Number of protein chains: 2
Amino acid sequence: MKTKTSRCAGLPDAAELERLASVLRLLAHPERLRIVGRLERGGAAPVHELMGDLDHTQGALSQHLNHMKRAGLLQAERRGKEVWYSIADRRAVSVLHCMCCKKENP
Amino acid sequence: MKTKTSRCAGLPDAAELERLASVLRLLAHPERLRIVGRLERGGAAPVHELMGDLDHTQGALSQHLNHMKRAGLLQAERRGKEVWYSIADRRAVSVLHCMCCKKENP
DNA sequence: GCAACATATCATGATATGATGATATGTCAA
DNA sequence: TTGACATATCATCATATCATGATATGTTGC
(Lines give C-alpha, C1' and ligand atoms only; values in the text may rest on other atoms or scores of the structure.)
Protein backbone atom coordinates (compact mmCIF):
# COMPACT_ATOMS: atom_id res chain seq x y z
CA MET A 1 0.00 0.00 0.00
CA LYS A 2 1.30 3.35 -0.97
CA THR A 3 -0.82 6.38 -0.39
CA LYS A 4 0.11 9.99 -0.92
CA THR A 5 0.92 10.29 2.75
CA SER A 6 2.56 6.96 3.45
CA ARG A 7 5.89 8.64 4.00
CA CYS A 8 4.33 11.54 5.87
CA ALA A 9 2.39 9.60 8.45
CA GLY A 10 2.03 11.41 11.74
CA LEU A 11 2.69 14.83 10.29
CA PRO A 12 0.16 17.51 11.24
CA ASP A 13 -2.70 17.91 8.80
CA ALA A 14 -3.00 20.85 6.44
CA ALA A 15 -4.92 23.11 8.81
CA GLU A 16 -2.51 22.46 11.65
CA LEU A 17 0.50 23.07 9.40
CA GLU A 18 -1.00 26.38 8.42
CA ARG A 19 -1.32 27.27 12.09
CA LEU A 20 2.25 26.24 12.83
CA ALA A 21 3.48 28.23 9.87
CA SER A 22 1.60 31.32 10.95
CA VAL A 23 3.25 31.19 14.36
CA LEU A 24 6.64 30.69 12.74
CA ARG A 25 6.02 33.67 10.48
CA LEU A 26 5.76 35.81 13.58
CA LEU A 27 9.01 34.46 14.95
CA ALA A 28 10.72 34.88 11.58
CA HIS A 29 11.54 38.52 12.21
CA PRO A 30 14.71 39.79 13.86
CA GLU A 31 13.02 42.37 16.05
CA ARG A 32 10.42 39.92 17.28
CA LEU A 33 13.12 37.38 18.03
CA ARG A 34 14.81 40.04 20.14
CA ILE A 35 11.58 40.66 21.98
CA VAL A 36 11.30 36.97 22.79
CA GLY A 37 14.90 36.85 23.95
CA ARG A 38 14.46 39.94 26.07
CA LEU A 39 11.31 38.66 27.73
CA GLU A 40 12.91 35.30 28.37
CA ARG A 41 16.01 36.76 30.00
CA GLY A 42 14.66 39.86 31.67
CA GLY A 43 11.17 38.60 32.47
CA ALA A 44 7.92 40.49 32.07
CA ALA A 45 8.12 44.19 31.34
CA PRO A 46 6.00 47.17 30.38
CA VAL A 47 6.21 48.50 26.85
CA HIS A 48 8.27 51.58 27.67
CA GLU A 49 10.93 49.44 29.29
CA LEU A 50 11.10 47.19 26.24
CA MET A 51 11.34 50.31 24.14
CA GLY A 52 14.45 51.31 26.02
CA ASP A 53 16.04 47.89 25.99
CA LEU A 54 15.30 47.16 22.36
CA ASP A 55 15.47 50.59 20.79
CA HIS A 56 12.19 50.54 18.89
CA THR A 57 9.77 53.29 18.11
CA GLN A 58 6.63 53.07 20.18
CA GLY A 59 4.25 52.31 17.33
CA ALA A 60 6.35 49.58 15.79
CA LEU A 61 6.98 47.88 19.12
CA SER A 62 3.31 48.01 20.04
CA GLN A 63 2.38 46.37 16.76
CA HIS A 64 4.91 43.59 17.16
CA LEU A 65 3.69 42.94 20.69
CA ASN A 66 0.08 42.90 19.65
CA HIS A 67 0.66 40.54 16.75
CA MET A 68 2.42 38.11 19.05
CA LYS A 69 -0.24 38.50 21.68
CA ARG A 70 -3.07 37.81 19.25
CA ALA A 71 -1.25 34.67 18.13
CA GLY A 72 -0.94 33.58 21.75
CA LEU A 73 2.83 33.86 21.86
CA LEU A 74 2.73 36.62 24.47
CA GLN A 75 0.31 37.65 27.15
CA ALA A 76 -0.41 41.14 28.41
CA GLU A 77 -1.61 42.41 31.75
CA ARG A 78 -2.47 45.98 32.56
CA ARG A 79 -1.00 47.39 35.77
CA GLY A 80 -2.15 50.95 36.15
CA LYS A 81 -0.95 52.98 33.22
CA GLU A 82 1.34 50.24 32.06
CA VAL A 83 0.78 47.03 30.17
CA TRP A 84 3.19 44.29 31.11
CA TYR A 85 4.06 41.70 28.51
CA SER A 86 5.42 38.24 29.09
CA ILE A 87 5.83 34.99 27.21
CA ALA A 88 2.71 32.85 26.98
CA ASP A 89 3.78 30.13 24.56
CA ARG A 90 7.00 28.43 25.45
CA ARG A 91 7.43 27.35 21.84
CA ALA A 92 8.61 30.90 21.13
CA VAL A 93 11.58 30.38 23.42
CA SER A 94 12.14 26.82 22.20
CA VAL A 95 12.33 27.92 18.61
CA LEU A 96 14.78 30.68 19.43
CA HIS A 97 16.95 28.18 21.26
CA CYS A 98 16.71 25.65 18.44
CA MET A 99 17.84 28.26 15.98
CA CYS A 100 20.84 29.16 18.09
CA CYS A 101 22.10 25.58 18.08
CA LYS A 102 24.71 24.38 15.67
CA LYS A 103 23.22 23.43 12.38
CA GLU A 104 25.43 20.43 11.63
CA ASN A 105 24.02 16.96 11.80
CA PRO A 106 25.63 14.74 14.44
CA MET B 1 24.88 50.10 35.30
CA LYS B 2 22.06 49.84 32.85
CA THR B 3 22.80 49.73 29.17
CA LYS B 4 20.36 49.23 26.33
CA THR B 5 21.29 45.57 26.24
CA SER B 6 21.65 44.78 29.90
CA ARG B 7 18.57 42.61 29.81
CA CYS B 8 19.45 41.15 26.45
CA ALA B 9 22.98 39.97 27.21
CA GLY B 10 23.98 36.88 25.30
CA LEU B 11 21.40 37.32 22.58
CA PRO B 12 22.71 37.08 19.03
CA ASP B 13 23.74 40.38 17.47
CA ALA B 14 21.68 42.14 14.82
CA ALA B 15 23.34 40.44 11.84
CA GLU B 16 22.97 37.00 13.36
CA LEU B 17 19.33 37.67 14.27
CA GLU B 18 18.70 38.62 10.66
CA ARG B 19 20.22 35.32 9.57
CA LEU B 20 18.15 33.33 12.05
CA ALA B 21 15.02 35.15 10.94
CA SER B 22 15.71 34.46 7.28
CA VAL B 23 15.98 30.73 8.00
CA LEU B 24 12.78 30.85 10.02
CA ARG B 25 11.03 32.63 7.17
CA LEU B 26 11.72 29.61 5.01
CA LEU B 27 10.32 27.26 7.62
CA ALA B 28 7.30 29.50 8.15
CA HIS B 29 5.40 27.99 5.24
CA PRO B 30 3.10 24.99 5.45
CA GLU B 31 4.34 23.30 2.29
CA ARG B 32 7.96 23.69 3.26
CA LEU B 33 7.21 22.31 6.71
CA ARG B 34 5.69 19.29 5.01
CA ILE B 35 8.81 18.88 2.92
CA VAL B 36 10.94 18.89 6.07
CA GLY B 37 8.65 16.38 7.74
CA ARG B 38 8.63 14.14 4.71
CA LEU B 39 12.40 14.17 4.36
CA GLU B 40 12.83 13.49 8.04
CA ARG B 41 10.48 10.51 8.07
CA GLY B 42 11.00 9.07 4.64
CA GLY B 43 14.63 10.00 4.16
CA ALA B 44 16.24 11.39 1.03
CA ALA B 45 14.19 11.36 -2.14
CA PRO B 46 14.19 12.59 -5.72
CA VAL B 47 11.91 15.44 -6.67
CA HIS B 48 9.34 13.37 -8.52
CA GLU B 49 8.86 11.16 -5.48
CA LEU B 50 8.32 14.20 -3.27
CA MET B 51 5.90 15.46 -5.85
CA GLY B 52 3.84 12.32 -5.44
CA ASP B 53 4.00 12.27 -1.67
CA LEU B 54 3.30 15.95 -1.20
CA ASP B 55 1.02 16.72 -4.13
CA HIS B 56 2.81 19.77 -5.49
CA THR B 57 3.25 21.01 -9.00
CA GLN B 58 6.74 20.48 -10.28
CA GLY B 59 7.69 24.14 -10.56
CA ALA B 60 6.47 25.11 -7.13
CA LEU B 61 8.16 22.16 -5.46
CA SER B 62 11.42 22.83 -7.25
CA GLN B 63 11.41 26.41 -6.09
CA HIS B 64 10.74 25.48 -2.48
CA LEU B 65 13.52 22.92 -2.59
CA ASN B 66 15.96 25.35 -4.13
CA HIS B 67 15.20 28.09 -1.64
CA MET B 68 15.84 25.74 1.22
CA LYS B 69 18.94 24.38 -0.43
CA ARG B 70 20.40 27.83 -0.98
CA ALA B 71 19.78 28.62 2.68
CA GLY B 72 21.60 25.43 3.66
CA LEU B 73 18.53 23.72 5.09
CA LEU B 74 18.62 20.97 2.47
CA GLN B 75 21.27 19.40 0.34
CA ALA B 76 20.93 17.97 -3.15
CA GLU B 77 22.82 15.28 -4.98
CA ARG B 78 22.35 14.28 -8.58
CA ARG B 79 22.00 10.58 -9.31
CA GLY B 80 21.58 10.10 -13.01
CA LYS B 81 18.49 11.88 -14.17
CA GLU B 82 17.32 12.47 -10.64
CA VAL B 83 18.28 14.93 -7.96
CA TRP B 84 17.96 13.56 -4.45
CA TYR B 85 17.21 15.96 -1.65
CA SER B 86 17.85 15.47 2.04
CA ILE B 87 18.06 17.51 5.19
CA ALA B 88 21.32 19.36 5.72
CA ASP B 89 20.53 21.53 8.72
CA ARG B 90 19.10 19.69 11.67
CA ARG B 91 17.59 22.92 12.97
CA ALA B 92 14.87 22.49 10.36
CA VAL B 93 13.75 19.30 12.05
CA SER B 94 14.25 20.72 15.53
CA VAL B 95 12.04 23.69 14.78
CA LEU B 96 9.31 21.49 13.37
CA HIS B 97 9.45 19.35 16.51
CA CYS B 98 9.44 22.39 18.77
CA MET B 99 6.36 23.69 17.05
CA CYS B 100 4.55 20.41 17.48
CA CYS B 101 5.04 20.47 21.25
CA LYS B 102 2.37 21.71 23.57
CA LYS B 103 2.47 25.44 23.90
CA GLU B 104 1.63 25.64 27.60
CA ASN B 105 4.26 26.66 30.05
CA PRO B 106 5.14 24.00 32.62
C1' DG C 1 -12.67 68.03 33.60
C1' DC C 2 -7.83 68.43 32.26
C1' DA C 3 -2.94 67.47 31.69
C1' DA C 4 0.52 64.03 31.30
C1' DC C 5 1.79 59.72 30.45
C1' DA C 6 1.39 54.88 28.42
C1' DT C 7 -0.22 52.22 24.87
C1' DA C 8 -2.94 51.05 20.69
C1' DT C 9 -4.49 51.78 16.12
C1' DC C 10 -4.69 53.64 11.55
C1' DA C 11 -3.25 55.04 6.77
C1' DT C 12 0.07 54.73 3.42
C1' DG C 13 3.64 53.56 0.40
C1' DA C 14 7.53 50.40 -0.21
C1' DT C 15 9.15 45.80 -0.47
C1' DA C 16 8.89 40.83 -0.14
C1' DT C 17 6.76 36.62 -0.93
C1' DG C 18 3.71 33.31 -3.23
C1' DA C 19 1.25 30.82 -7.11
C1' DT C 20 1.03 29.78 -11.78
C1' DG C 21 2.08 28.59 -16.40
C1' DA C 22 5.58 28.65 -19.77
C1' DT C 23 10.11 27.62 -21.02
C1' DA C 24 14.94 26.14 -20.47
C1' DT C 25 18.48 22.94 -19.01
C1' DG C 26 20.47 18.52 -18.05
C1' DT C 27 20.74 13.34 -18.50
C1' DC C 28 20.21 9.04 -20.52
C1' DA C 29 19.16 5.52 -23.97
C1' DA C 30 18.31 4.11 -28.45
C1' DT D 1 21.06 13.22 -32.58
C1' DT D 2 16.74 12.71 -31.16
C1' DG D 3 13.17 11.79 -27.88
C1' DA D 4 11.73 11.20 -23.28
C1' DC D 5 12.16 12.14 -18.77
C1' DA D 6 13.72 14.94 -14.60
C1' DT D 7 14.58 19.23 -12.81
C1' DA D 8 15.39 24.26 -12.83
C1' DT D 9 14.31 28.85 -14.00
C1' DC D 10 11.65 32.69 -15.64
C1' DA D 11 7.83 36.19 -16.07
C1' DT D 12 3.87 37.81 -14.20
C1' DC D 13 0.39 39.01 -11.19
C1' DA D 14 -1.71 38.84 -6.70
C1' DT D 15 -1.15 39.21 -1.93
C1' DA D 16 1.19 39.82 2.47
C1' DT D 17 4.29 42.14 5.29
C1' DC D 18 6.95 46.11 6.97
C1' DA D 19 8.22 50.79 8.46
C1' DT D 20 6.68 55.23 9.39
C1' DG D 21 4.26 59.07 11.05
C1' DA D 22 -0.06 60.59 12.63
C1' DT D 23 -3.78 60.00 15.58
C1' DA D 24 -6.77 57.73 19.01
C1' DT D 25 -7.65 55.41 23.39
C1' DG D 26 -7.03 54.44 28.18
C1' DT D 27 -5.25 55.63 33.02
C1' DT D 28 -3.95 58.41 36.83
C1' DG D 29 -3.60 62.43 39.74
C1' DC D 30 -4.74 67.12 40.27
Side-chain angles (χ1 to χ4, degrees), chain A residues 14-15 17-36 38-39 42 44-86 88 92, chain B residues 14-15 17-36 38-39 42 44-86 88 92:
Chain A
L17 279 173
E18 178 51 58
R19 255 171 277 141
L20 299 184
S22 73
V23 171
L24 280 175
R25 272 197 296 277
L26 285 175
L27 295 172
H29 187 292
E31 299 306 317
R32 290 192 290 259
L33 284 177
R34 285 188 79 207
I35 291 170
V36 170
R38 160 62 182 81
L39 289 175
V47 180
H48 65 89
E49 186 177 316
L50 298 176
M51 231 186 324
D53 290 345
L54 299 174
D55 203 24
H56 285 169
T57 65
Q58 188 271 323
L61 178 56
S62 181
Q63 296 205 60
H64 287 315
L65 292 171
N66 274 286
H67 287 162
M68 290 194 281
K69 178 186 160 198
R70 268 181 284 152
L73 288 174
L74 303 183
Q75 59 197 173
E77 179 198 357
R78 181 171 280 276
R79 301 186 194 170
K81 294 191 209 179
E82 303 172 331
V83 177
W84 287 59
Y85 280 86
S86 57
Chain B
L17 279 173
E18 178 51 58
R19 254 171 279 141
L20 298 184
S22 74
V23 171
L24 280 175
R25 271 197 297 276
L26 284 175
L27 294 172
H29 187 291
E31 299 307 317
R32 290 191 291 258
L33 285 178
R34 284 188 80 206
I35 291 170
V36 170
R38 161 61 183 81
L39 289 175
V47 179
H48 65 89
E49 186 176 316
L50 298 176
M51 230 186 324
D53 289 346
L54 299 173
D55 203 22
H56 284 169
T57 64
Q58 188 271 323
L61 178 56
S62 181
Q63 297 203 62
H64 287 315
L65 292 170
N66 274 287
H67 288 161
M68 290 195 280
K69 178 186 160 197
R70 268 181 284 151
L73 287 175
L74 302 183
Q75 59 196 172
E77 179 198 356
R78 181 173 280 277
R79 301 186 195 170
K81 294 191 208 179
E82 302 172 332
V83 176
W84 286 59
Y85 279 87
S86 57

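Note that the structure is a prediction, hence the values are computed from the model and not measured. Per chain, numbering begins at 1; letters A, B, ... match sequence-line order.
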From [atom1] of [X] over to [atom2] of [N], roughly how many Å is that when rounded to an integer?
X	N	atom1	atom2	result
A:N66	C:dA6	CG	C1'	13 Å
B:L61	C:dG18	CG	C1'	15 Å
B:M68	C:dT17	CE	C1'	15 Å
B:H56	C:dG18	NE2	P	12 Å
B:L27	C:dT17	CG	P	14 Å
A:E82	C:dC5	CD	P	13 Å
B:R78	C:dT27	CZ	C1'	6 Å

Compare all side-chain heavy atoms of A:Q75 with those of A:K69 and state whether any distance is below 4.5 angstrom. no

Side chains of B:L61 and B:Y85: closer than 4.5 Å at any heavy-atom pair? no

Where the side chain of B:K81 is defined as all heavy atoms beyond and including C-beta, which of C:dT27, C:dA19, C:dA6 is the nearest nucleotide? C:dT27

For chain A, the stretch of DNA chain D it reaches, first to last nucleotide, under 4.0 Å of its heavy atoms: D:dT17 to D:dT28

Residue met sooner reading DNA chain D from 5', once A:Q58 and A:A28 are mapped to nucleotides: A:A28

5′-ward residue of the pair A:R79/B:K69 relative to DNA chain D: B:K69

For B:S22 and B:L26, what are the C-alpha separation, side-chain angles and deciding distance, and is it a side chain to side chain contact (heavy atoms under 4.5 Å, CB included)? CA-CA 7 Å; B:S22 74; B:L26 284 175; over 6 Å; no

Donor/acceptor link under 3.5 angstrom from B:Q63 side chain onto base of C:dT20: yes

Donor-acceptor pair, B:R32 side chain versus B:I35 backbone, under 3.5 Å? no

Check against salt bridge (charged side-chain N to carboxylate O under 4.0 Å, His left out), B:R38 and B:E31: CA-CA 10 Å; B:R38 161 61 183 81; B:E31 299 307 317; over 6 Å; no

Charged N to carboxylate O under 4.0 angstrom, A:R25 versus A:E18? yes

So what does [X] touch, heavy atoms closer than 4.0 Å: a base, only the sugar-phosphate, or nothing?
X	result
B:H67	nothing
A:H64	sugar-phosphate
B:R32	sugar-phosphate

Value rounded to 0.5 Å, distance of NE2 in B:H64 from CG in B:L54: 10.0 Å

